[in-house]
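The next block holds one structure in the form of structure tokens; read it before the comments.
Here the structure is a predicted model, which is why all the values come from computation and not from measurement.
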Amino acid sequence: MPTPPEDGSDGHDTDWDAPGGGEGGLSDEQRDELVDVFDDEWTNDAQQEANGYTPSHVWKFVGEDVLMFLHFDEPDPEEANDLIYFGIGVRGQFVDDDRPQSDDFTHFHLWEADSWEAGHDGQDPDQHGFWLVHHAVRPLEMPWGDVEVGIDREFMPTPPE
């Protein structure tokens with residue numbers, strides 16, 4: 001929902017410095033504080049690792065059908081050095097009508113699957129899960145190419161038939 005400046009506006013100065021001099025890794029303390037807050041589970045137990053987390057992710061429900069998540073650079077969030085994505089998930093079925101925005105919510109993850117990897121994608125419209133949008137927090141090199149800060153529309157797209 002872009003909010004354009006008023007007609008004739010020259011805008012204002014937005015030049016500022018990020019705390020600590022800019023982007024960088026999280027301290028162990030900062031990471032642990034985030035992991036403590038994002039303490040909800042939304043998948044079946046078969047998708048969780050022995051430590052109780054889904055690989056690289058932590059989750060927080062912000063409503064009955066909406067959650068926020070953090071995606072780290074290591075499979076075990078408690079050992080991660082960097083946050084690489086944050087995002088939103090919306091509960092739904094594997095159909096276009098349940099996608100909040102087909103351009104942004106490109107990845108579907110099943111609520112129930114035999115493993116985390118098996119949870120990527122759906123096979124039929126009756127399956128329940130979450131439509132996810134991944135927002136890169138810094139420029140990234142991913143297997144599908146270079147990713148700029150912002151919504152990564154190439155993050156494991158799983159379009160329904």
> Quick one: side-chain hydrogen bond (donor to acceptor under 3.5 Å, both in side chains) pairs with a partner in residues 66-75, sequence neighbours left out?
Replying inline: His57-His71

> Among the clusters formed by ILVMFWY side chains lying less than 4.5 Å apart, do Met156 and Val133 turn up in the same one?
Replying inline: no

>> Test side chain to side chain contact (heavy atoms under 4.5 Å, CB included) on Val58 and Phe72; report intermediate values, then the result.
In response: CA-CA 9 Å; Val58 291; Phe72 293 98; 3.8 Å; yes

>> Between Arg31 (side chain only) and Ala80 (backbone N and O only), is there a donor and an acceptor less than 3.5 Å apart?
In response: yes

>> Using 0.5 Å steps for rounding, measure from the CD atom of Gln93 to the CG atom of Leu110.
In response: 11.5 Å

> Met142 and Tyr85: side chain to side chain contact (heavy atoms under 4.5 Å, CB included), yes or no, with the steps?
Replying inline: CA-CA 12 Å; Met142 299 303 281; Tyr85 290 101; 3.7 Å; yes

> So, for Arg138 and Asp82, which heavy atoms are closest and what is the spacing to 0.1 Å?
Replying inline: NH2-CB, 3.6 Å

> Hey, what do you get for CG (Leu140) to CD1 (Ile84), rounding to the nearest 0.5 Å?
Replying inline: 6.0 Å

>> With clusters defined by side-chain heavy atoms of hydrophobic residues (ILVMFWY) lying less than 4.5 Å apart, directly or transitively, does Leu70 cluster with Val37?
In response: yes

> Closest heavy-atom contact between Ala113 and Ala46?
Replying inline: O-CB, 3.4 Å

>> Within this structure, what is the CZ-CH2 distance for the pair Phe38 and Trp59, rounded to the nearest 0.5 Å?
In response: 10.5 Å

> What is the minimum heavy-atom distance between Gln47 and Pro55, and which atoms define it?
Replying inline: O-CD, 3.7 Å

> Is there a donor-acceptor contact under 3.5 Å from the side chain of Asp96 to the main chain of Ser102?
Replying inline: no

Donor-acceptor list for residues 115-124 side chains, cut-off 3.5 Å, not counting sequence neighbours:
from: Ser115; atom 1: OG; to: Ala118; atom 2: N; distance (Å): 3.1
from: His120; atom 1: ND1; to: His107; atom 2: NE2; distance (Å): 3.1
from: His120; atom 1: ND1; to: His109; atom 2: ND1; distance (Å): 3.3
from: Gln123; atom 1: OE1; to: Gln127; atom 2: NE2; distance (Å): 3.2
from: Asp124; atom 1: OD1; to: Asp126; atom 2: N; distance (Å): 2.7
from: Asp124; atom 1: OD1; to: Gln127; atom 2: N; distance (Å): 3.4

> Would Tyr53 and Asp76 count as having a side-chain donor-acceptor pair, cut-off 3.5 Å?
Replying inline: no

>> I'd like to check the side-chain contact (heavy atoms from CB on, under 4.5 Å) partners of Gln48; sequence neighbours left out, ordered by chain and number.
In response: Glu41, Thr43, Asp45, Thr54

>> Looking at every heavy atom in both Val95 and Pro125, which two are closest together, and how far apart are they?
In response: CG1-CB, 3.2 Å

> Between the side chain of Trp111 and the main-chain N/O of Trp42, is any donor-acceptor distance below 3.5 Å?
Replying inline: yes

>> Is any side-chain heavy atom of Pro139 closer than 4.5 Å to one of Val147?
In response: no

> Which atom names give the shortest non-hydrogen contact between Phe61 and Arg91, and what distance separates them?
Replying inline: CE2-NH2, 3.6 Å

> Which heavy atom of Val137 sits nearest a heavy atom of Phe86, and at what distance?
Replying inline: CG1-CD2, 3.6 Å

> In terms of hydrophobic clusters joined by side-chain contacts under 4.5 Å, are Phe155 and Phe108 together?
Replying inline: no

> Short question: side chain of Asp152, backbone of Glu154 - any donor-acceptor pair under 3.5 Å?
Replying inline: yes

> Between the side chain of Asp146 and the main-chain N/O of Glu141, is any donor-acceptor distance below 3.5 Å?
Replying inline: no

> Can you tell me how far CH2 of Trp131 sits from CZ of Phe94, rounded to the nearest 0.5 angstrom?
Replying inline: 5.0 Å

>> Taking CG in Asp114 as the centre, count heavy atoms belonging to other residues, nucleotides or ligands within less than 6.0 Å. Is the count above 12?
In response: no

> Once you round to the nearest 0.5 Å, how far does CD of Glu78 lie from CG of Asp36?
Replying inline: 8.5 Å

>> With a 4.5 Å cut-off on side-chain heavy-atom distances among I, L, V, M, F, W and Y, is there a chain of contacts connecting Trp144 to Val149?
In response: no

> How many angstroms lie between atom CG of Leu132 and atom CD1 of Ile88, to the nearest 0.5 angstrom?
Replying inline: 10.5 Å

>> Between Asp103 and Arg153, is the salt bridge (Lys or Arg N to Asp or Glu O under 4.0 Å) condition met? List the steps.
In response: CA-CA 7 Å; Asp103 289 345; Arg153 292 175 179 86; over 6 Å; no

> Got Phe69 and His134 here, is their nearest side-chain heavy-atom distance under 4.5 Å?
Replying inline: yes

